[in-house]
Amino acid sequence: MRVLAALSGGVDSAVAAALAVEAGHDVVGVHLALSRAPAADGQGCWSADDALDARRAAEVLGIELEVWDLSETFAGVVVEDFLAEYAAGRTPNPCVRCNDTIKLGELASRAQALGFDAVCTGHYARTSPDGTLRRAVCVAKDQSYVLAVAGPQRLARTLLPLGEIASKDDVRATAAARGLPMATKPDSFDLCFVPDGDLSGFLSRRLGPQPGDVVDTEGNVVGHHEGTYGFTVGQRRGLALGRPAPDGRPRYVLAVEPVRRQVVVGPAEALDVTALTASAPVWFVSPQPASCLVQVRAHATPVPGTVTPTGTGVEVRLDAPIRGVAAGQSVVCYDDDRVLVQAVITTASTKT
């Protein structure tokens, strides 16, 4: 099988490509250049060293390497969407967006146009020839949550060799045994386009000051802010409240309202969610009501619930309340370790 293997310059993609070569596939590597001004300190999903490390990996594996400049697409589709979602009061997951549009979007469509049978990436998850998506054997590194948006058709043409590996230590040992120079290279940050980790500063620089009030659930002004985009549901730190709660307990962000330029804060129990609606569902099975395990963040613990298809999306009911559910995030429903459906959260509430 002719396979196009993404080589980011990190250990995961290098080992995935090595395993594809060893499986007998005709492999060509591709490095996706996602920034025209890559970080110089080795941070983020791409840095000044990543292209060189990708080339070194290709040389060790004896495969051809191409470099594709997708920086304009990445900036326009991933970064701008990220900014627009925060400006609208939602909390996006850029890794989901990137997998959908870049890593399993643009990459897969170009690979098919060039005559490749499949793409290969270093994600931790398992797929089947019919596009079934399951959690990785290494549950601690599982990335099925951020891959589910790709859907069964694209995943049926995707090789994920790391899905069967037991641990990240095993991946590094596999790299070392094959002479791959990035065996001990540190993992990248989730927000690759904010390599210094200062999300608040990044949003402020890009979106500009938009001052407003922080209010309690009664509408009383208890603080001020420079932009609602600096807050997300469930946040406790960095609220800079000028008036303590009457009962002295901590307060959390309950809602972000950019049109009114307000951030609403209140007690932790007001964050409890037992039901949510979600749009743009990606089904891996025939749409039907089902008991499931529900995951609402990339590293959240799944909780029992039920999912029901609606006319344009899904409704999810949870068996017990969870907190910190934000509009704009993905919800992924599982049957044990198998993905049933992925969708984008639009509302969250407490229902009996």
Checking T310 side chain against G313 main chain: does a donor-acceptor pair fall under 3.5 Å? yes
Give a yes or no answer on whether the side chain of R126 reaches the backbone of L162 with a donor-acceptor pair at less than 3.5 Å. no
Between T232 and T91, is there a side-chain donor-acceptor contact under 3.5 Å, judged purely by atom types and distance? yes
Going only through I, L, V, M, F, W and Y residues with side-chain contacts under 4.5 Å, is there a path from V307 to L133? no
d(R261 CZ, T228 OG1) to nearest 0.5 Å is 8.5 Å
Checking side chain to side chain donor-acceptor pair (under 3.5 Å) for the pair T277/T346: CA distance, chi angles, key distance, verdict? CA-CA 6 Å; T277 61; T346 51; 2.8 Å; yes
Under a 3.5 Å threshold, yes or no: a donor from one side chain and an acceptor from the other, between Q295 and R135? yes
What orientation do F74 and F193 show, parallel under 30°, tilted 30 to 60°, or perpendicular over 60°? perpendicular
State plainly whether one hydrophobic cluster holds both L191 and I102, where clusters connect Ile, Leu, Val, Met, Phe, Trp and Tyr through side-chain heavy atoms under 4.5 angstrom apart. yes
Just by distance, no angles: are the side chains of D12 and Y124 close enough, under 3.5 Å, to form a donor-acceptor pair? yes
Any sub-3.5 Å donor-acceptor pair from R154's side-chain atoms to A150's backbone N or O? yes
Check for a donor-acceptor pair, side chain of N93 on one end and backbone N or O of V96 on the other, with a separation under 3.5 Å. yes
Yes or no on side chain to side chain contact (heavy atoms under 4.5 Å, CB included) for L114 and L4, after CA distance, side-chain angles and deciding distance? CA-CA 10 Å; L114 292 171; L4 185 67; 5.5 Å; no
Would S71 and D69 count as a side chain to side chain donor-acceptor pair (under 3.5 Å) here? Give the steps. CA-CA 6 Å; S71 57; D69 183 358; 2.6 Å; yes
Of all the heavy-atom pairs spanning V11 and A183, show the shortest one and how long it is. CG2-CA, 4.0 Å
Flag yes if more than 12 heavy atoms outside Q153 fall under 6.0 Å of its CD atom; otherwise flag no. no
V285 and R338, any side-chain heavy atoms less than 4.5 Å apart: yes
Would a 4.5 Å heavy-atom cut-off, applied to side chains only, mark D50 and H31 as touching? yes
Side chains of S13 and S8: donor-acceptor distance under 3.5 Å anywhere? yes
Test your reading of the model: is there a side-chain donor-acceptor pair from S279 to the backbone of T312, 3.5 Å cut-off? no
Separation between CZ (R134) and CG (D337), nearest 0.5 Å, reads 5.0 Å
Between V60 and P181, the two heavy atoms sitting closest are CG2-CD, 4.2 Å
Polar side-chain atom of D130 near backbone of T132 as donor-acceptor pair, under 3.5 Å: yes
S144: partners by side chain to side chain donor-acceptor pair (under 3.5 Å), with sequence neighbours left out: D142, Y334
CG of L7 to CD1 of I63, rounded to nearest 0.5 Å, is 5.0 Å
For the residue pair D216 and V264, establish whether any side-chain heavy-atom pair is separated by less than 4.5 Å. no
If you round to the nearest 0.5 Å, how far is CG of L147 from OG of S330? 11.0 Å
A side-chain contact here means heavy atoms from C-beta on lying under 4.5 Å apart; do Y86 and P258 qualify? no
Under 4.0 Å between a Lys/Arg side-chain N and an Asp/Glu carboxylate O for K185 and D53? yes
Pair L276, V331 - check side chain to side chain contact (heavy atoms under 4.5 Å, CB included), show working. CA-CA 9 Å; L276 57 88; V331 56; 4.2 Å; yes
With side chains defined as the heavy atoms from C-beta onward, is the minimum distance between E80 and V77 less than 4.5 Å? no
Is the number of heavy atoms from other residues, nucleotides or ligands under 6.0 Å of R205 CZ greater than 12? yes
State, with a plain yes or no, whether a side-chain heavy atom of V259 is found less than 4.5 Å away from one of Q262. no
Check: G105 main-chain N/O paired with S109 side-chain donor or acceptor under 3.5 Å: yes
Would the distance check show the side chain of Q342 and the main-chain N or O of Y145 forming a donor-acceptor pair, the cut-off being under 3.5 Å? no
Please state whether the rings of F202 and F82 are parallel, tilted or perpendicular, taking 30° and 60° as the class boundaries. tilted
Hey, any chance L61 and M182 share a hydrophobic cluster, counting ILVMFWY side chains that come within less than 4.5 Å of each other, even indirectly? yes
Without placing hydrogens or testing angles, list every side-chain donor-acceptor pair under 3.5 Å for residues 15-30, not counting sequence neighbours.
from : atom 1 : to   : atom 2 : distance (Å)
E22  : OE1    : R178 : NE     : 3.4
E22  : OE1    : R178 : NH2    : 3.1
E22  : OE2    : R178 : NE     : 2.6

Do L254 and Q235 have side-chain heavy atoms sitting under 4.5 Å apart? no
When rounded to the nearest 0.5 angstrom, what distance separates CG in L160 from CD1 in I165? 11.5 Å
Is it true that a side-chain atom of E164 and a backbone atom of P161 form a donor plus acceptor pair closer than 3.5 Å? no
Do V296 and V294 make a side-chain contact, defined as non-hydrogen atoms from C-beta onward lying under 4.5 Å apart? yes
P281 to V341 - nearest heavy-atom pair and separation: CB-CG2, 3.9 Å
About how many Å separate NE2 of H123 and NZ of K141, when rounded to the nearest 0.5 Å? 11.0 Å
